[in-house]
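To start, the structure under review is shown below, and the notes come after it.
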Amino acid sequence: MAAGYPRASDTAYALSAVDKSGRVADRSIVRVLCWMPGTRLDIREKAGTIVARPAADAVHFIDDRGHLHLPLAVRRWCGLTPGDRVLLAAIRASGVLVAHPLAVLDRLLADVHAAVEGGEAS
């Protein structure tokens, strides 16, 4: 960790690829949230990101091997294709998982990158 920049949250992160069936390869983030196989999830697109949270009446679920599968409709809304990577953020306090497509991260970080390229101090 860089000196002077303490973590601001209890969020865990992982970068993972999404396969052709929507399976997220990294299972560590699911374990951080204590989601077990069979955990039912409400999965939705919101502002270009994917938000997953436990819901007893949901149709999506963690598979028998502990993988999260992103529904096709949500992948299409976010422009994800097989092999694309997402930044997974497990928000421990609320038990919510947010998957950020890299295109969303590009937009969020554009000003920071421009400042660094231009030599501006932060």
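Side-chain atoms of Ser16 come within 3.5 Å of backbone N or O of Ala25 as a donor-acceptor pair. Checked by atom type and distance alone, the side chain of Arg92 pairs as donor or acceptor with a backbone atom of Asp10 at under 3.5 Å. Judged by distance alone, with hydrogens and angles left aside, the side-chain atoms of Arg65 form no donor-acceptor pair with the main-chain N or O of Pro37 at under 3.5 Å.
The distance from the NE2 atom of His67 to the CZ atom of Arg23 is 4.5 Å, given to the nearest 0.5 Å. The distance from atom CG of Leu41 to atom CG of Leu70, rounded to the nearest 0.5 Å, is 10.0 Å.
Listed here is the closest heavy atom pair of Ala89 and Tyr13: CB-CE2, 3.7 Å. Asp84 approaches Thr81 most closely through the heavy-atom pair OD2-N, 2.8 Å. Considering all non-hydrogen atoms of both residues, Lys20 and Pro82 come closest at CA-CG, 3.6 Å. Gly83 and Ala17 get closest at one heavy-atom pair: O-CB, 4.2 Å. Minimum heavy-atom separation, Arg27 to Gly66: CG-O, 3.4 Å.
Listed by first then second residue, pairs satisfying salt bridge (charged side-chain N to carboxylate O under 4.0 Å, His left out) with a partner in residues 37-62 read Asp42-Arg44, not counting sequence neighbours.
Other members of a hydrophobic cluster containing Met36 are absent, since no ILVMFWY side chain comes under 4.5 Å of it, directly or through relayed contacts. Cluster partners of Val59: none. The rule joins Ile, Leu, Val, Met, Phe, Trp and Tyr whenever side-chain heavy atoms lie under 4.5 Å apart, and it links nothing here.
The hydrophobic clustering, which links ILVMFWY residues whose side-chain heavy atoms are closer than 4.5 Å, places Leu15 and Val104 together. No continuous path of hydrophobic side-chain contacts links Leu102 to Val24 [ILVMFWY only; heavy atoms under 4.5 Å].
For the pair Ile29/Leu68, no side-chain contact is recorded, criterion being any heavy-atom separation below 4.5 Å from C-beta on. Side-chain atoms of Val18 and Val86, non-hydrogen and from C-beta on, do get closer than 4.5 Å to each other.
For the side chain to side chain contact (heavy atoms under 4.5 Å, CB included) with Leu97, the qualifying choice from Leu88, Val30, Val51, Ile50 is Leu88, the only one to do so.
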